[in-house]
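To start, the structure under review is shown below, and the notes come after it.
The figures here come from the full heavy-atom set of this structure, side chains too, leaving out hydrogens, waters and symmetry mates. Quick note on labels: first sequence line is chain A, next is B, and so on, each numbered from 1.
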Amino acid sequence: MLQQTPVARVEPIWHEWVRRWPRPSDLAAESPAEIVRAWGKLGYPRRALRLHECAGILARDHGDVVPEDVEQLLALPGIGTYTARAIACFAYGQAVPVVDTNVRRVIARAVRGEAEPGNPSATRDLREATTITPSRDGAVFAAALMELGAVICTARKPDCPRCPLPRCAWVEAGRPAPTGPKRAGQGYAGTDRQVRGRILDVLRGETGPVERSRIDSAWLRDGVQRDRALGSLLSDGLVEQTSDGRFALAGEGGAD
DNA sequence: TAACCGTGGCC
DNA sequence: TGGCCAAGGTT
């Protein structure tokens with residue numbers, strides 16, 4: 001849930017989920033439709049499907065328990081470099097480097113003396129994080145580094161007077177401005193992502209299949225784009241079409 | 001490697 | 001107002 005999503009927005013939904021589905025097998029027993037609906041407007045709804053799929057694998061192959069090993073974690077859907085290490089570190093106390101967007105920024109500044117992390121390089125990120133990760137108290141260290149980036153060493157307005165680090169290469173260099181080319185903004189208005197979001201919002205608001213006209217009303221300006229977005233939702237497994245031609249969240253369209 | 005994948009708050 | 005950004009992952 002926390003992937004590319006602020007903690008404050010995730011927190012209430014996470015509480016609801018662990019209350020409703022305390023074990024992986026509880027989550028796996030739900031329909032994808034119910035999962036996507038409970039995901040609400042957290043964004044990137046494919047994450048919800050991957051989490052659902054992951055829960056099924058944990059229930060079936062891992063005794064309903066999240067594995068401790070980074071390699072095993074990486075093999076699970078929706079779990080990449082960051083998440084695998086975060087679980088190993090925070091849930092199981094392993095002193096493995098945990099590199100998220102905050103840590104990348106802190107290292108870029110404090111260690112390399114650069115204003116911004118630059119292009120992601122998993123290899124370099126992990127190498128640099130490894131050099132500063134202590135062999136003991138790995139979880140405390142990782143949490144502290146992430147928190148430093150989230151609260152003090154922020155992207156827009158770093159609060160250097162409150163920074164606890166004894167020294168920082170970026171400050172010592174006179175806080176130089178970013179050097180590289182500014183990365184292309186994500187963009188959203190008018191993209192397929194926005195259209196997908198509109199369509200999904202219609203389906204989340206219903207308990208069963210809806211007519212094609214309801215889908216069409218979600219995006220009026222461009223029918224080609226609307227069809228493309230709907231097609232991608234179908235191929236992602238977020239939406240399904242019923243035998244009578246209507247559309248629903250996957251798993252609630254009735255038997256097919 | 002780069003493009004794609006949501007949503008909402010902040011300045 | 002609009003661009004930037006957020007506990008990234010997959011293809």
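- Listed by residue number, the members of residues 121-155 of chain A with any heavy atom below 4.0 angstrom from DNA chain C are Met146(A), Ala155(A).
- Not counting sequence neighbours, the partners of Arg112(A) by the salt bridge (Lys or Arg N to Asp or Glu O under 4.0 Å) test are Glu114(A), Glu128(A).
- Contacts of residues 75-105 of chain A with DNA chain B (heavy atom under 4.0 Å): none.
- Residues meeting the salt bridge (Lys or Arg N to Asp or Glu O under 4.0 Å) test with Glu68(A), sequence neighbours left out: none.
- Sorted by first then second residue, the side chain to side chain donor-acceptor pair (under 3.5 Å) pairs that include residues 74-99 of chain A, not counting sequence neighbours, are Gln3(A)-Thr83(A).
- Listed by chain and number, the hydrophobic cluster partners of Val70(A) are Leu74(A), where partners are ILVMFWY side chains within reach of under 4.5 Å, directly or through others.
- Screening residues 24-67 of chain A for ring pair (Phe, Tyr, Trp, His ring centres under 6.0 Å), with sequence neighbours left out, gives Trp17(A)-Trp39(A).
- Contact of the Phe247(A) side chain with the Arg214(A) side chain is not registered, since no non-hydrogen atoms from C-beta on lie closer than 4.5 Å.
- Contact check of residues 32-54 of chain A against DNA chain B (heavy atom, cut-off under 4.0 Å) returns Lys41(A), Leu42(A), Gly43(A), Tyr44(A), Pro45(A), Arg46(A).
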What protein N or O atoms touch nucleotides 9-11 of chain B N or O atoms at under 3.5 angstrom, if any, and at what distances?
residue : atom : partner   : partner atom : Å
dG9(B)  : N2   : Arg156(A) : NH2          : 3.2

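- Asp64(A) meets the salt bridge (Lys or Arg N to Asp or Glu O under 4.0 Å) test with no other residue; sequence neighbours excluded.
- Within residues 199-229 of chain A, no residue has any heavy atom under 4.0 Å from DNA chain C.
- Under the salt bridge (Lys or Arg N to Asp or Glu O under 4.0 Å) criterion, Asp125(A) pairs with Arg104(A), not counting sequence neighbours.
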